[in-house]
Amino acid sequence: MANKKMVALYPGSFDPVTNGHLDIAERAFRICDELHIAVVANPSKSSLFSVEERVELLKQTTKHLPKVNVTSFNGLLVDYARQIGANLIFRGLRAVSDFEYEFQMALINRNLYDGIEVVFLVPNEKFIFLSSSSIKEVAKLGGDVSGFVPPEVEKALRRAF
Ligand code: ADP
C-alpha cells in the first residue's frame with residue numbers, strides 16, 4: 001500500500017509568534033509533507049495583535065520554510081482539519097504545565113474526528129519556558145525580548161507598547 005501523504009496542521013494563538021513556536025514549526029516541517037500553520041481566531045480570548053497581524057508575522061518569520069501555508073480559522077479545530085484534508089495535528093509540549101490540557105484536548109479532538117492524530121513535539125530546551133504571554137509582559141515593561149522572538153516580532157512589540 002502506498003504511503004499516505006502527511007498533511008499537518010499546527011494551530012495556536014500565536015499572539016505573537018515566538019522562537020519556541022518557530023522551533024516547533026521547523027520540527028513539524030521536517031516530518032510532514034505539507035504544513036499548515038493556523039491562527040485560531042477565537043473572539044472570546046483577548047489578544048494583543050489582530051488575527052491579520054498574527055498571520056502576517058507568521059508568514060514573515062516562516063519564509064525560510066518552503067510551502068508552509070499560514071492561515072487562520074474560526075470554529076472547531078477538527079472541522080478546519082477536515083476542511084483542509086489534514087490527518088495530523090502538531091502541538092508543542094513545554095514543561096509539565098501543558099500536559100494535562102493538551103492531553104484532554106487531544107482526546108476530545110480525536111473523539112470528534114477519528115481521521116486525525118495529534119502529535120506532540122518537544123522544543124529545544126532553551127525554549128521550554130517561553131510563552132507569548134511572558135514575552136508580552138517583558139516587552140510591556142520595556143525589557144529586551146530579542147533572544148526570545150524574531151526581529152520582525154520584536155519590532156511589532158515595540159510598536160504595540
Ligand atoms: P494556544 O492558545 O493554542 O495554546 P499558543 O500560541 O500559546 O496557542 O501555542 C500554540 C502551540 O505552540 C501550543 O501547542 C503550545 O504548546 C506550543 N508552544 C507555545 N510556546 C511554545 C514553546 N516555547 N515551546 C514549545 N511549544 C510551544
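Keep in mind that this is a model prediction, so the values were computed, not measured.
A search for side chain to side chain contact (heavy atoms under 4.5 Å, CB included) contacts involving Phe129 returns Ala95, not counting sequence neighbours. Annotation: side-chain hydrogen bond (donor to acceptor under 3.5 Å, both in side chains) contacts of Asn87 (sequence neighbours excluded): none. For Glu117, the salt bridge (charged side-chain N to carboxylate O under 4.0 Å, His left out) criterion is met by Arg110, not counting sequence neighbours. Under the rule for a side-chain hydrogen bond (donor to acceptor under 3.5 Å, both in side chains), the partners of Gln60 that lie at least two apart in sequence or sit in another chain are Glu56. With sequence neighbours left out, the side-chain hydrogen bond (donor to acceptor under 3.5 Å, both in side chains) criterion links Thr62 to no other residue. Scored by the salt bridge (charged side-chain N to carboxylate O under 4.0 Å, His left out) test, Glu102 finds Arg91 as partners (sequence neighbours excluded). Considering only residues two or more places apart in sequence or on other chains, Ser134 meets the side chain to side chain contact (heavy atoms under 4.5 Å, CB included) condition with Ser131. Applying the side-chain hydrogen bond (donor to acceptor under 3.5 Å, both in side chains) rule to Asp98 yields the partners Arg94; only residues at least two apart in sequence or on another chain are considered. For Phe49, there are no ring-ring contact (aromatic ring centres under 6.0 Å, His included) partners, not counting sequence neighbours.
Looking only at distances, a side-chain donor or acceptor of Lys136 sits under 3.5 Å from a matching main-chain atom of Asp15.
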Could you walk me through whether Val55 and Thr71 pass side chain to side chain contact (heavy atoms under 4.5 Å, CB included), step by step?
-> CA-CA 6 Å; Val55 166; Thr71 52; over 6 Å; no
Determine, stepwise, if the pair Phe90 / Tyr10 fulfils ring-ring contact (aromatic ring centres under 6.0 Å, His included).
-> CA-CA 5 Å; Phe90 281 116; Tyr10 176 33; 7.6 Å; no
Ile89 and Leu77: side chain to side chain contact (heavy atoms under 4.5 Å, CB included), yes or no, with the steps?
-> CA-CA 9 Å; Ile89 290 173; Leu77 176 61; 3.8 Å; yes
Side chain to side chain contact (heavy atoms under 4.5 Å, CB included) assessment of Leu88 paired with Val7 | CA-CA 6 Å; Leu88 210 66; Val7 179; over 6 Å; no
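At a threshold of 4.5 Å between non-hydrogen side-chain atoms, the residues Ile128 and Pro123 count as touching.
Checked by atom type, the side-chain pair Arg54/Ser47 shows a donor-acceptor distance below 3.5 Å.
Val17 and Leu121 fall within the same hydrophobic cluster, where Ile, Leu, Val, Met, Phe, Trp and Tyr residues are linked whenever their side-chain heavy atoms come under 4.5 Å apart, directly or through other members.
Atom OG of Ser46 is separated from atom CG of Leu48 by 9.5 Å, given to the nearest 0.5 angstrom.
The two atoms that bring Gly20 and Leu130 nearest to each other are N-CD2, 3.8 Å, heavy atoms only. For Val145 against Ala139, the heavy-atom pair with the smallest separation is CG1-N, 4.0 Å.
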Show every donor-acceptor pair shorter than 3.5 Å between a side-chain atom in residues 24-41 and any protein atom, with sequence neighbours excluded, or say none if there are none.
residue	atom	partner	partner atom	Å
Glu26	OE2	His64	NE2	2.9
Arg27	NE	Asp23	OD1	2.6
Arg27	NH2	Asp23	OD1	3.4
Arg27	NH2	Asp23	OD2	3.2
Asp33	OD2	Met6	N	2.6
Glu34	OE1	Lys5	NZ	2.9
Glu34	OE2	His36	NE2	2.8
His36	ND1	Asn69	ND2	3.0

Donor-acceptor contacts under 3.5 Å from residues 147-161 side chains, at least two apart:
residue	atom	partner	partner atom	Å
Glu154	OE2	Arg158	NH2	3.1

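Identified under the ring pair (Phe, Tyr, Trp, His ring centres under 6.0 Å) test for residues 97-121, with sequence neighbours left out: Phe99-Phe103.
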